[in-house]
Amino acid sequence: QVQLVESGGGLVQAGGSLRLSCAVSGDTPNYYGMAWFRQAPGKERDFVAVVNWSGGRTVYADSVKGRFTISRNNAENTLYLQMNSLEPVDTALYYCAAARTYRDFLVLRSNPAPKEFEYWGQGTQVTVSS
């Protein structure tokens, strides 16, 4: 069992930055790949970024590539998402998730889907004003 708790969301102006954190407890974090997803009101939950167990491999959604950075610190049991150059379209509830399936990977043929992740946090709200 893994428990995930997100923090760091808030209100920011367009062009600003936020850093999300996800505290991991329970099972050993490096058994899992970790990811961020987001969900805007009335829309499906979308993939943002995924990182393997060591932090050495990452994949990003095209919409955030070059602006967001996913990282993890297994010694501190924490997953991060650094978000720069934020845009109003980034407004959403951001979730961290864990999956053994993504513990390690080389090349992904498609973006990870929410159904592939076993554990989820409760989400943290990010609102970007124009």
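Between the CG atom of L18 and the CZ atom of F68 there is a distance of 9.0 Å, given to the nearest 0.5 Å. With rounding to the nearest 0.5 angstrom, the CG atom of N111 is 7.0 Å from the CG atom of D62. Here the CZ atom belonging to R19 is positioned 11.5 Å from the CE atom belonging to M83, to the nearest 0.5 angstrom.
Side-chain contact check for T101 versus F117: every heavy-atom pair is 4.5 Å or farther apart. With a 4.5 Å cut-off on side-chain heavy atoms, V2 and Y31 do not count as touching. L20 has its side chain out of reach of E6: every pair of non-hydrogen atoms, C-beta onward, lies at least 4.5 Å apart. With a 4.5 Å cut-off on side-chain heavy atoms, R38 and S63 count as touching.
N74 places a side-chain N or O within donor-acceptor distance of the main-chain N or O of W53, the cut-off being under 3.5 Å. A donor-acceptor distance shorter than 3.5 angstrom exists from the side chain of N52 to the backbone of G55, with no hydrogens or angles considered. In this structure a side-chain-to-backbone donor-acceptor pair under 3.5 Å is present from T91 to V128. Looking at R103, its side chain does come within 3.5 Å of a backbone N or O of N30 through a donor-acceptor pair.
For NZ of K65, the number of neighbouring non-hydrogen atoms (other residues, nucleotides, ligands) closer than 6.0 Å is greater than 12. The environment of CD in Q13 is sparse: at most 12 heavy-atom neighbours from other residues, nucleotides or ligands sit within 6.0 Å.
The heavy-atom pair separating G9 from T124 by the smallest distance is N-OG1, 3.1 Å. For the residue pair S17 and Q82, the shortest heavy atom distance occurs at CB-NE2, 4.0 Å. In plain terms, the two heavy atoms of V50 and P112 that are nearest each other are CG1-CG, 4.1 Å. Considering every non-hydrogen atom in both F105 and V51, the closest pair reads CE2-C, 4.0 Å. Of all heavy-atom pairs spanning Q1 and Q3, the tightest one is CB-NE2, 3.8 Å. Between L79 and S71, the shortest heavy-atom contact is CD1-O, 3.3 Å.
A cation-pi arrangement is present between R100 and Y32, with the terminal nitrogen or guanidinium carbon under 6.0 Å from the aromatic centre and inside a 45° cone about the axis.
Grouping the Ile, Leu, Val, Met, Phe, Trp and Tyr side chains by contacts below 4.5 angstrom, directly or via other members, places V12 with Y94. Linking ILVMFWY residues whenever their side-chain heavy atoms come closer than 4.5 Å, directly or via other members, leaves V59 and V64 in distinct clusters. When hydrophobic clusters are built by joining Ile, Leu, Val, Met, Phe, Trp and Tyr residues whose side-chain heavy atoms come closer than 4.5 Å, directly or via intermediates, L4 is not grouped with Y102.
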Chi angles and distances behind the side chain to side chain contact (heavy atoms under 4.5 Å, CB included) call for M34, V24:
CA-CA 10 Å; M34 302 289 297; V24 183; 3.8 Å; yes

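Using the six-membered ring where Trp is involved, F37 and F47 have ring planes that are perpendicular, over 60° apart on the 30 and 60° scheme.
With Y80 as the partner, the side chain to side chain contact (heavy atoms under 4.5 Å, CB included) test is satisfied by one option alone out of I70, T69, N73: N73.
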